[in-house]
Amino acid sequence: MEKKNFTVSVYTENNIGLLSRIAAIFQKRHINIESITASRSEVNEVMRFTIVVQVTEEQVKKVAGQIEKQIEVIKAFYHTDDEMIYQETALYKINSADFVEDLNIQDFIKESNARIVTVTPKFFVIEKTGKRHETDSLYEKLKPYGLMQFVRSGTIAVTKNEMPISNILEQFDTTN
Amino acid sequence: MEVKTASFEKTASPKATTVSGAEAVIKCLLEEGVDTLYGYPGGAIMPVYDELYKYQKQIHHVLTRHEQGATHAAQGYARVSGKVGVAMATSGPGATNLVTGIADAQIDSTPMVCITGQVGSHLLGSDAFQETDIIGISTPITKWNYQITKAEEIPEILAKAFFIARSGRPGPVLIDITKDAQFASLEFNYKKCSGIRSYKPTPEINLIEVERAAEAINNAKKPMIVFGQGVILGGAEELFKQVVEKSGVPAAWTILGLSAMPTDHPLNVGMVGMHGNYGPNVLTNECDVLIAIGMRFDDRVTGNLEKYAKQAKVIHFEIDPAEINKNVYADIPVLGNVNETLKVLLELLKPNKHEAWHQKFKDHYKIEFDKIIKNDLNAERGKIGMAEVIDEINKCSKGDAVIVSDVGQHQMVACRYSKFNQTRSNVTSGGLGTMGFALPAAIGAKMGAPERDVVAVIGDGGYQMTIQELGTIFQTKVPVKIVVLNNDFLGMVRQWQQLFFEKRYASTEMINPDFITIAKGYHIKAKQVSKREGLKEAVTEMMQSKEAYFLEVKVEQEENVFPMVPTGASVSDIRLE
Ligand SMILES: Cc1ncc(C[n+]2csc(CCOP(=O)(O)OP(=O)(O)O)c2C)c(N)n1
């Protein structure tokens, strides 16, 4: 089976130590995590981990099963890229002198729908949210000017289809 | 930190009493019906030990000689009694010494709660004296773990620990308690945990799947059952027997399934796997429907997956959804506790006999008997063979003893030849294959079933890994019987060296101490036998002993265990020599 990008979305109780439990499941199978984020979800007090991995569908299915086995995990879903709306955010820090002197930079920023977050006499911070190739392309364009710093977030994603966490939670409450 | 357990939100008992965290720990254990616990004290758990002093009458603390012994004893106790085994240790080295037993319990689904002391919460993360991150260390080998830093958390977390350890697919839970939490006081009231949001111990039964399974079994011409520990853990032994008898399907066991069904049952066709019986292994690749019940297709069972039961429709009865399709694709997955799913199945099954198909197992048995079993049991060699010893034990016990085996050749022989009438009689380290398991596990097994004879069968190698537990036997006077099958080799590894490494016996020869003197040093009755003529008498004397007894049998040095499915080979390529 061919390896693809899969986004695993894990809904969990908000407990200490879960991140290492979940990460251990990937580690044990020698799967490299491309990116991982954790945040609150649409359900009160329920956390959501968004984990991007490059594996076969069979692997991701088994991993999701093992994740769901964890006591505090409510549900683990996995999706391919075309089943998701996903974004990453990157920050670029550039020397102010370069920015003022070189009009190209200003064009890149405009063309790529990036946003200036901070301006100081010494540096500018630019923010760009988008797909990986979009943040990469701005990176390539800014690199010749000597990027002072660059950082990119993990993928965050929502699915095109519903993820009925509230219903699942209700079931847990009534069947136990 | 917040702890959310839905069932606890309603807790409010009027008769709360103020106690220390340490006392709360003991009270929780009593609430959970714990009567025996295995452990070893140290600085970070001393407040709890101090409270134990007060509760000695209600709770029997067994001081093992090493924390590893405490976990194995707790496992042995749990495996025969069906209750949760409890082990306790101090922080740092005490906690890390628990690790092997925890990993063993995890892979063999044994319900266990381990309690460890931890340095004061203000010291956490500072590399304090005897601080280790036991939560981090035990994360991949526990069903759940949790660090308590506030006394008030103790009742709720311990209730949760016991619930998680015993429910669904059982497993080990570790609770780490900082020293300040043990000293601080709390209003104690206890409510057993009956459910946790986000945790569904037993999947719901899908009736359609059971119907599909029944139909496939009813239509099968050459069906075969492979049953595992799930039958025992689900308490489904009786129901399982009825299913086997009504359907007439030959049933083979995995090493942990052993004793779920009487060994002498006419439909019991033996063991599958690397050193299993010839018939069930070969016929796995001939059956048309393979019915896996409460087993997980371990690689020691399946051999090469590419060549495992490819012709068969696979039905998998399983409580853990993550096991479905993990190793072997299930055409019909039947999720649920087998105690419930088999009940439904039984109703839907048509009575059948499958005589011709069953005859095939008998034919294969005949081949195995002539080539192997006959020689194993009536050896004409010089020295005593391992199987002869097991045979003598069977004759004395009449199949009613609990046999606790260690890991190695003697384990395979014990499992192949032991006779069992009752369930929960075979205690062995299956998934992890932990040498050193048997001696402490036998202590726990005897305490978990005091009315039964408990015989530990151990190799000279494994015996020395936890030999210090003779001290526990001596101190507690627990009347276990210990048989060391001494071949002066790490026999199983030597067998592999002989077969696959051109007899290069690298570091497998053992120069052993005088085991009899050691046993006597612990004031344990001891005897050595090296001649066939003395075997029967020695085993009988041991079995009749009312006290602990150590028997060393000098066995054939270079005996091999056959049949054997070499690693990577298909189960149908099982070797008879
Ligand atoms: C803790 C541990 N270390 C190493 C092994 C690898 N191992 C498996 S069987 C075996 C030999 C066991 O020898 P012995 O206890 O004398 O029993 P025998 O095979 O001779 O019956 C070894 C070293 C193991 N299973 N467990």
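Chain identifiers are assigned alphabetically (A, B, ...) following the order of the sequence lines, protein sequences preceding nucleic acid strands; residue numbering begins at 1 within each chain. Quantities reported herein were computed from a predicted structural model and do not represent experimental measurements.
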> If contact means a heavy atom pair closer than 4.5 Å, which residues of residues 105-113 of chain B contact chain A?
Replying inline: none
>> Give the interface residues of residues 316-331 of chain B toward chain A, defined by a heavy-atom separation under 4.5 Å.
In response: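 Answer by number: B/Asp320, B/Ala322, B/Asn325, B/Lys326.
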Can you tell me how far the [atom1] atom of [X] sits from the [atom2] atom of [Y], to the nearest 0.5 Å?
X	Y	atom1	atom2	answer
B/Ser198	A/Leu18	OG	CG	8.5 Å
B/Tyr199	A/Lys69	OH	NZ	10.5 Å
B/Lys200	A/Ile74	NZ	CD1	12.5 Å
A/Ile71	B/Trp144	CD1	CH2	8.0 Å

Would you indicate whether [X], at its atom [atom1], is surrounded by more than 12 heavy atoms from other residues, nucleotides or ligands within a distance under 6.0 Å?
X	atom1	value
A/Lys61	NZ	no
B/Lys307	NZ	no
B/Asp127	CG	no
A/Lys3	NZ	no
A/Lys160	NZ	yes
B/Lys313	NZ	no

>> Taking side chain to side chain donor-acceptor pair (under 3.5 Å) as the cut-off, I'd like each qualifying pair that reaches into residues 142-153 of chain A, sequence neighbours left out, listed once.
In response: A/Asp102-A/Tyr145, A/Thr135-A/Arg152, A/Asp136-A/Arg152
>> Any heavy-atom pair between the side chains of B/Arg197 and A/Glu72 that's under 4.5 Å?
In response: no
> What's the verdict on side chain to side chain contact (heavy atoms under 4.5 Å, CB included) for B/Lys143 and A/Gln70, showing C-alpha distance, side-chain angles and the deciding distance?
Replying inline: CA-CA 7 Å; B/Lys143 187 170 172 189; A/Gln70 305 305 316; over 6 Å; no
> Which atoms of B/Ile135 come close to chain A, meaning under 4.5 Å heavy atom to heavy atom: side chain ones, backbone ones, both, or neither?
Replying inline: neither
>> Using a 4.5 Å heavy-atom cutoff, which residues in residues 19-34 of chain A come close to chain B?
In response: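 Interface residues of residues 19-34 of chain A: A/Ser20, A/Arg21.
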